[in-house]
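Chain naming here is simple, since letters A, B, ... match the order of the sequence lines and numbering starts at 1 in each. Heavy atoms only: backbone and side chains are in, while hydrogens, waters and symmetry mates are out.
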Amino acid sequence: MENKHTTNQQAPAWRSALALGLVAIIGTALLSGVNYFTRPLIEEQERRAVLEQLGQVIAPVRYNNDLHDDQYSFTDTTWFSSGQSITVYRARMDTNPVAAVFKLAATEGYNGKINLLIGINLDGSIAGVRVISHKETPGLGDAIEIARSDWVLNFDGKSLESPGGTGWAVKRDGGEFDQFTGATITPRAIVKTVKTTLEYFSARKETVFDHPRDAPRVTDQ
Amino acid sequence: MQDYRKIFFDGLWQQNTGLVVLLGLCPLLAVTGTLVNGLGLGLATTLTLIFSNLAVSLVRGVLRPEIRIPAYVLIIASVVTVVQLLMQAWLHDLYLVLGIFIPLIVTNCAIIGRAEAFASRHSPIPAVVDGLATGLGFCLTLVLLGALRELIGRGTLFSQAGLMFGSWGDVLQITVIPDHPGFLLAILPPGAFIGLGLLIAGRNWLNDRMARKKAGQRQVMPGSVAEQA
């Protein structure tokens with residue numbers, strides 16, 4: 001067993017710098033190489049992950065365009081006061097608009113943002129709602145996840161007309177949607193965001209489908 | 001001649017990273033909500049340990065002691081980034097679940113600890129064996145803690161196995177306790193601390209029993225703990 005702490009004691013400083021530099025260069029070369037070979041795979045995986053998520057709110061058989069690339073982002077503080085950046089994916093069948101999927105966050109949850117996908121059909125009815133990620137209390141607020149309960153399926157087929165009036169609220173506020181035992185704030189935030197998105201969609205339906213798509217980009221998480 | 005059996009015994013039991021040396025506790029406590037998450041991070045850490053130990057062992061004669069720490073950091077960061085890219089490419093769903101804890105493997109003191117305490121003083125083959133043994137020891141702790149918390153918290157084992165093995169992995173899920181109402185304490189952070197405490201206690205109890213059987217003739221551990229802190 002040799003001990004390197006004694007081997008190079010007399011070596012000058014430039015040799016240390018050189019050794020360190022060499023380690024850095026080899027490390028960087030290795031990373032560049034791996035990055036070069038894995039980048040197309042990673043992009044493909046990210047694309048698949050996005051399409052898989054979108055597929056939960058709008059069935060893939062209903063459109064034949066490239067949903068992943070047919071998207072744009074916007075911010076609109078008059079409708080969505082948080083000033084967040086909202087991404088819209090447009091589903092089309094032979095260039096005819098079918099539905100739009102809004103990727104946005106409900107900001108009035110119990111603990112931070114609840115990231116949502118809200119799919120809206122051309123006729124203004126909900127195609128599907130899914131929670132992508134959230135920090136609500138486990139066991140209380142997490143019934144919004146499709147893995148835990150069917151609650152988000154209650155939105156399917158709903159529109160501004162049905163339920164009309166005060167129906168777009170949780171039951172405690174006189175509306176149609178169930179709250180959970182011990183958690184009212186979480187479902188209330190989601191119901192409100194879905195309703196706002198529906199109103200935005202019905203007011204801006206033309207712009208949603210005519211808006212030029214954003215340049216393709218690597219999706220962030 | 002290296003005693004590989006001793007290296008393995010040290011890494012897995014005598015100096016187990018999670019249960020004895022208590023390094024890398026942040027990821028250990030944070031990701032062990034399910035068995036599969038624990039296994040994923042454990043394997044990523046093992047892979048990192050093997051290759052960082054190999055690289056450190058290869059350059060051990062070249063580096064002066066003054067620059068060894070920055071060099072180790074460079075090596076470990078490179079290896080972790082490679083592991084991260086590979087996971088992103090082939091285990092994307094698992095990567096999304098483990099998220100920040102993959103890049104944070106860089107900060108797991110167990111890795112620089114093994115580089116300094118073992119790999120920098122041994123030739124490549126023992127260094128790789130040590131990396132494997134230490135990694136498997138850490139992985140074992142993660143898997144045990146993940147299994148314990150998942151079983152008590154949700155009543156299942158191997159839930160979300162599809163994250164690691166693709167869609168067919170979902171059939172691996174075992175529902176041990178049907179209609180489990182869910183026990184939040186086990187899944188939330190306090191459950192991680194309590195679970196780790198129980199595992200450490202269990203290991204110490206087993207270790208004492210083994211030692212008593214051997215009757216007297218054995219070395220004690222504490223010295224090895226201080227060495228890496």
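Shown here is A/R48, whose CZ atom has more than 12 heavy atoms of other residues, nucleotides or ligands within 6.0 Å. Around atom OH of A/Y110, no more than 12 heavy atoms belonging to other residues, nucleotides or ligands sit under 6.0 Å away. Crowding of B/F158 atom CZ: a count of heavy atoms from other residues, nucleotides or ligands under 6.0 Å not exceeding 12. In B/F51, the CZ atom is not crowded: 12 or fewer heavy atoms of neighbouring residues, nucleotides or ligands sit closer than 6.0 Å. The neighbour count for A/L153 CG, taken as heavy atoms of other residues, nucleotides or ligands under 6.0 Å away, is above 12. In B/F9, the CZ atom is crowded: over 12 heavy atoms of neighbouring residues, nucleotides or ligands sit closer than 6.0 Å.
The heavy-atom pair separating A/V23 from B/A71 by the smallest distance is CG1-O, 4.1 Å. B/I67 and A/S16 get closest at one heavy-atom pair: CD1-O, 3.3 Å. Taking every heavy atom of both residues into account, A/A19 and B/V62 meet most closely at CB-CG1, 4.2 Å.
By a heavy-atom distance cut of under 4.5 Å, A/A24, A/G27, A/L30, A/L31, A/V34, A/N35 are the residues of residues 24-35 of chain A near chain B, going up by number. Scanning residues 183-199 of chain B against chain A with a 4.5 Å non-hydrogen threshold yields B/L184, B/L188, sorted by number.
Legend: ring pair (Phe, Tyr, Trp, His ring centres under 6.0 Å) pairs involving residues 130-154 of chain A, not counting sequence neighbours, sorted by first then second residue: A/W151-A/F155, A/W151-A/F180.
To the nearest 0.5 Å, atoms CG (A/L20) and CZ (B/R68) are separated by 13.0 Å. Expressed to the nearest 0.5 Å, how far CE of B/M87 lies from CD1 of A/I42 amounts to 11.5 Å. Here the CD-NE2 distance, from A/E46 to B/H92, works out to 5.0 Å after rounding to the nearest 0.5 Å. Summarising the geometry, atom CG belonging to B/L74 is positioned 11.5 Å from atom CG belonging to A/L22; distances are rounded to the nearest 0.5 Å. The CD atom of A/Q45 sits 7.0 Å away from the CG atom of B/D93 when rounded to the nearest 0.5 Å.
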Contacts under 3.5 angstrom, residues 103-111 of chain B side chains, donor-acceptor by atom type, not counting sequence neighbours:
{"unit_1": "B/T107", "atom_1": "OG1", "unit_2": "B/L104", "atom_2": "O", "d": "2.7"}
{"unit_1": "B/N108", "atom_1": "OD1", "unit_2": "B/A110", "atom_2": "N", "d": "2.9"}

